[in-house]
> 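Below: one structure in structure tokens.
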Amino acid sequence: MRKFMIHGLIVAAISSLVGGLYLHYFYALELDESYKVLPIWRVVSIYIALSLVLSLVLMLVSRLLKKWGVLVLNTLLTMVSVASIAFPITYINQEIDTTFIAVAAIPVHFIMPIIWLALQPLTFSSSHEG
Amino acid sequence: MKKAILPIVYFGLLIASTSMAVAPTGDYEVAEGHSIAFKSDHPSGKFTDISGDVTYSSGSPTDATFNLKIPVNTISTGNGMMNKKALTKEWFEEETYPNIKFKSSSVTKDENGDLQIKGDLTIKGISKEYTIPAKVSGSSSKYTFKGTFYVNRIDFKVGKKSETVPDKMKIVYELPVSKKTDK
């Protein structure tokens, strides 16, 4: 339990930092007022909530399906994060700057899943026990 | 005790971040370019300032809320004497009632897709329920609400019955709203 919680907290912290800095520097370019549509605090709070919920789900699937659980969850996460870019794409014809959609709104869908996947070998390097 | 710290931090953070992540979006404030004009044979004019908050989401327009304020001393009839007279006790009584207010109570969509905003219009301390039509345009960073409706000034004791000034004034408004800055 403890291992999964720590994994969730570390992913939450790193993805919030990376996502927050990425958007901060993008908005500093002052291309438009996109930050009003997608404020940094919302992205960070979604990353934290997702990381923590996913780590609880990971704990459950690891216990139920052993190593297959991790595989199933990670595959699902990858598929959902790719599919979710359909959401910002639907805004292309709604007077929202396309640069914002291409450079900020779409990449933020991948930051947390990439960090989640990248840190898993470190967290579970010793064993797969729950 | 030490063992309890991690779950406390974990679940505390989970609750806080989830509530922030699902917090309602769509908070707007009145933006530049707004106008509210009153029209009749005599007099006609406008109020040059409107402020307030609007919540709106194109996905659920009937959940919209409007809380607006118009300072009566921003009245402009094109005649300085008339502007001063409009602020006197007989008309808007600006000293006691400095603002016209509108607070929505419910919003519906009509057959044309326009909004029908029902709420309390308060002028000179008197509140009456009005339904204000609004055409909506724009996107999630900036919306504009436009419409026309009639207000009976006698209902609000603004002036007295008169042969020269009609009871009903046509109100034409345009209300652009932009997302609140909350980086």
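Naming: A, B, ... by sequence-line order, numbering from 1 per chain.
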> Just verifying a value: how many Å separate A:L52 CG and B:Y10 OH, rounded to the nearest 0.5 Å?
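Reported to 0.5 Å precision, the distance equals 5.0 Å.
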
> Quick one: what part of A:V44 sits under 4.5 Å from any heavy atom of chain B, side chain, backbone, both or neither?
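Neither part, no heavy atoms under 4.5 Å.
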
> Nearest 0.5 angstrom please: B:L13 CG to A:M5 CE, how far?
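That separation rounds to 11.5 Å.
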
> Kindly work out whether a path of hydrophobic side-chain contacts (I/L/V/M/F/W/Y, heavy atoms less than 4.5 Å apart) joins A:M59 to A:I10.
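Same cluster.
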
> Could you tell me which non-hydrogen atom of B:M20 sits nearest to which non-hydrogen atom of A:R42, and how far apart they are?
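Smallest heavy-atom distance, with atoms named: O-NH1, 3.7 Å.
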
> Sort A:L23 into side chain, backbone, both or neither according to what part of it lies under 4.5 angstrom from a heavy atom of chain B.
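Neither part.
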
> When you group the ILVMFWY residues by side-chain heavy-atom contacts below 4.5 Å and let the links chain together, are A:L76 and A:F110 in the same group?
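Unlinked, A:F110 and A:L76 end up in two clusters.
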
> Does atom CZ of B:F11 have more than 12 heavy-atom neighbours from other groups under 6.0 Å away?
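Yes, enclosed.
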
> With a 4.5 Å cut-off on side-chain heavy-atom distances among I, L, V, M, F, W and Y, is there a chain of contacts connecting A:L54 to A:I114?
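Linked within one cluster.
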
> Do you know which two heavy atoms are closest between B:L14 and A:A49, and how far apart they sit?
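Scanning both residues, the minimum pair turns out to be CD1-O, 3.8 Å.
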
> Taking only residues at least two apart or on different chains, which pairs with a member in residues 145-155 of chain B satisfy side-chain hydrogen bond (donor to acceptor under 3.5 Å, both in side chains)?
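Output for this query is empty, none listed.
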
